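Please read these numbers as outputs of a predicted model, since none were measured by experiment.
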Amino acid sequence: DPLRPNRQLHLAAARPEVEATGRPVIVTLRLLVRADGTIASSEVVGSSGIAQLDAIASQFAMQNWRFLPAVSAGHNVSDWISVQVLLMFD
């Protein structure tokens, strides 16, 4: 579903940092969605408190997510959106 990309990341490399918090970790990203639905830019606007996890979430979104673009006057346009990424382990 392009409106609801998979927001759950499973990050084996960062497991110790997440487990040390004792809770799921949330990163808030501000994404620039291009007219074709791909991500042009990603900014961390709400940190998890763990820089490595913030970077992984941002990179994952840029490389893997696609969205329905905004529409203006009948044409697809670029626009900024904000999303929360939940980082957790099974």
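Partners of Ala40 under the side-chain contact (heavy atoms from CB on, under 4.5 Å) rule, at least two apart in sequence or in another chain, are Leu32, Arg34. Residues satisfying the side chain to side chain donor-acceptor pair (under 3.5 Å) test with Asp36, not counting sequence neighbours, are Thr38. Partners of Ala70 by side-chain contact (heavy atoms from CB on, under 4.5 Å), not counting sequence neighbours, listed by chain and number: Val77, Asp79.
Cluster annotation: Ile81 is connected to Trp65 through the hydrophobic network of ILVMFWY side chains, with a link wherever side-chain heavy atoms come within less than 4.5 Å. If you chain together hydrophobic residues whose side chains sit under 4.5 Å apart, Trp80 and Met62 never meet in one group.
Here the shortest heavy-atom pairing between Ala61 and Ile39 reads O-CG1, 3.7 Å. Residue Leu53 comes nearest to Val27 through the heavy atom pair O-CG2, 4.4 Å, listed as atom of the first residue, atom of the second, then distance. Closest approach of Ala57 and Val85 over heavy atoms only: CB-CG1, 4.2 Å. Nearest approach of Ala35 to Pro69, heavy atoms of both residues: O-CG, 3.2 Å.
For residues 37-57, the set of pairs meeting the salt bridge (Lys or Arg N to Asp or Glu O under 4.0 Å) definition, not counting sequence neighbours, comprises Arg30-Glu43.
Taking Ile, Leu, Val, Met, Phe, Trp and Tyr as members and joining any whose side-chain heavy atoms lie under 4.5 Å apart, directly or through other members, Val71 forms no hydrophobic cluster with any other residue.
Counting only heavy atoms from C-beta outward, the side chains of Leu29 and Val44 approach each other to under 4.5 Å.
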